[in-house]
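Structure record follows, encoded as structure tokens.
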Amino acid sequence: RKRRGNVMEMSWKWHVAGCAARPNPSVLTKFDYFRVPKTGSMMLIPLLQQQQCTERLTVHDHSHCCSDSSWCNGAAFDERGAFAVLREPCERFVSQLDHMRRVDYARFGRMAPLDFARFLWQATGNGTCADAQCRTREVSIAYRSRHRFILWPQAFYLPPSGDVVCYHQEHLRARLAHFLWARSICDVRGALAGTHRVNDKFSTQLAPNATHFSDVQRTDVCAHVARIFPEDVMLWDLHCGVSHDERPHPASALGRVRRGGML
């Protein structure tokens, strides 16, 4: 696989306890899935781990905490067979906050959404960065915990010439299965009996301190999120304009990222 020379300098390496090992990069398959944090990937991994999929698909999994950031950096893999799931940025922001409250309660446990947005604005460079690569780099300097990858922009993970599967709370599995089948990667459509709801913040069964997306919508937090992650907003608007389309795999839910148009 060809790697772009200008991204290899971003390969910050930490030896982090509790993170899974990175797969052997010499054993790569025809297709690449970049697992973007907080996009329902925990539900998708069992689908992708079926043997018929693993024979043709390499999973760039953030479960190893992206200790080698180039493994999670979509721009480092210039392959037509790459893809990722994209989530509406403000929805993802809510999930990011609740995740950080769980894993770093001392710092984020009592942090309100607006305060978290201010933290992310500062951590991503206070508006000085011109692209997602820079924002990712700034976050990794400002917050060196092994969970820093949760705070990175989605655009960092998305391959420039790859495909996008648009997140949906109920139809995400069906959309991914349709995507895999349409591209002859593997056929897991038979595993989709019944409704599979993503464990997101639309659910009525929330932890006592969980953030409600409706509460965030009623404030100006989403406007702040758009300033923090402008590339993510651009990508969502470009490929997934209808965020809650009720069809399992509408045409707007499967989009190609145009080369050079991501960052």
Side-chain angles (χ1 to χ4, degrees), residues 10 12-14 16-19 35-42 62-67 69 72-74 84-158 167 199-202 206-237 243 263:
M10 295 185 59
W12 318 291
K13 297 183 180 179
W14 289 279
V16 184
C19 299
R35 185 182 179 186
V36 182
K38 317 316 299 178
T39 60
S41 59
M42 186 173 293
H62 63 252
S63 68
H64 68 285
C65 306
C66 299
S67 54
S69 64
C72 297
N73 183 0
V85 173
L86 184 70
R87 187 173 186 178
E88 196 282 320
C90 198
E91 285 185 24
R92 181 175 181 258
F93 169 87
V94 172
S95 189
Q96 287 174 300
L97 173 55
D98 285 343
H99 182 101
M100 299 311 296
R101 284 172 171 169
R102 292 194 306 271
V103 301
D104 190 351
Y105 185 84
R107 185 160 191 174
F108 300 101
R110 293 180 173 84
M111 190 173 282
L114 185 56
D115 293 329
F116 185 55
R118 290 173 179 146
F119 165 80
L120 282 176
W121 174 254
Q122 295 174 355
T124 54
N126 285 296
T128 61
C129 286
D131 54 50
Q133 303 283 334
C134 175
R135 294 179 223 284
T136 301
R137 194 161 50 238
E138 290 295 320
V139 169
S140 299
I141 294 172
Y143 185 71
R144 300 185 69 85
S145 163
R146 69 187 181 94
H147 292 279
R148 69 199 178 281
F149 66 94
I150 297 293
L151 307 176
W152 293 350
Q154 296 179 87
F156 173 76
Y157 296 90
L158 293 179
Y167 176 95
N199 181 26
D200 62 14
K201 304 304 168 287
F202 293 92
L206 294 171
N209 66 336
T211 307
H212 291 256
F213 180 61
S214 58
D215 293 339
V216 172
Q217 285 181 305
R218 285 193 291 268
T219 68
D220 59 353
V221 170
C222 289
H224 289 294
V225 173
R227 293 173 60 219
I228 297 165
F229 300 122
E231 295 84 15
D232 293 359
V233 173
M234 182 194 72
L235 285 167
W236 179 264
D237 290 344
S243 61
L263 299 179

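Values below: all heavy atoms of this structure, side chains included; hydrogens, waters and symmetry mates excluded. Only a predicted model underlies this, so the values are computations on that prediction, with no experimental measurement involved. Residue numbers run from 1 in the order of the sequence given.
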Ignoring hydrogens and geometry, is there a side-chain-to-backbone donor-acceptor pair from Gln96 to Lys38 under 3.5 Å? no
One should read off an interatomic distance between Leu151 CG and Arg148 CZ, to the nearest 0.5 angstrom, of 10.0 Å
Please tell me if the side chains of Phe156 and Cys72 come closer than 4.5 Å, counting only heavy atoms from C-beta onward. yes
Note, Asp104 side chain near Tyr143 side chain (heavy atom, < 4.5 Å): yes
Using a 4.5 Å cut-off on heavy atoms from C-beta on, say whether the side chain of His99 contacts that of Pro37. no
Arg135 and Glu231 ion-paired at < 4.0 Å: yes
Rounded distance (nearest 0.5 Å) linking atom CZ of Arg227 with atom CH2 of Trp121: 4.0 Å
Which value, rounded to the nearest 0.5 Å, describes the distance between Ser145 atom OG and Arg107 atom CZ? 9.0 Å
Kindly compute the distance separating OG1 (Thr124) from CD1 (Ile228), expressed to the nearest 0.5 Å. 6.0 Å
side-chain contact (heavy atoms from CB on, under 4.5 Å) between Cys129 and Arg137: does it pass, once the steps are laid out? CA-CA 10 Å; Cys129 286; Arg137 194 161 50 238; over 6 Å; no
When you compare the side chain of His224 with that of Leu114, does any pair of heavy atoms fall below 4.5 Å? yes
Taking the side chain from Arg92 and the backbone from Thr39, do they hold a donor-acceptor pair closer than 3.5 Å? no
Please give me the minimum heavy-atom distance between Phe108 and Arg101, naming the atom from each residue. O-CG, 3.1 Å
Side chain Asp232, main chain Pro89, donor-acceptor under 3.5 Å: no
What do you reckon, are the aromatic ring centroids of Phe229 and Phe93 less than 6.0 Å apart? no
Distance check, rounded to the nearest 0.5 Å: Glu88 atom CD versus Trp236 atom CH2? 6.5 Å
Do the side chains of Val36 and Leu86 get nearer than 4.5 Å, heavy atoms only? no
Over all atoms of both residues, closest heavy-atom pair of Val233 and Ala226: CG2-CA, 3.7 Å
side-chain contact (heavy atoms from CB on, under 4.5 Å) for Arg110 and Tyr105? Distances and angles first, verdict last. CA-CA 8 Å; Arg110 293 180 173 84; Tyr105 185 84; 3.6 Å; yes
Heavy atoms of Leu97 and Pro113 approach each other most closely as CD2-CA, 3.8 Å
For Asp115, is there an ion pair with Arg118 - N to carboxylate O distance below 4.0 angstrom? yes
Distance check, rounded to the nearest 0.5 Å: Trp152 atom CH2 versus Glu138 atom CD? 13.0 Å
Can you check whether Cys134's main-chain N or O pairs, donor with acceptor, with Asp131's side chain at less than 3.5 Å? yes
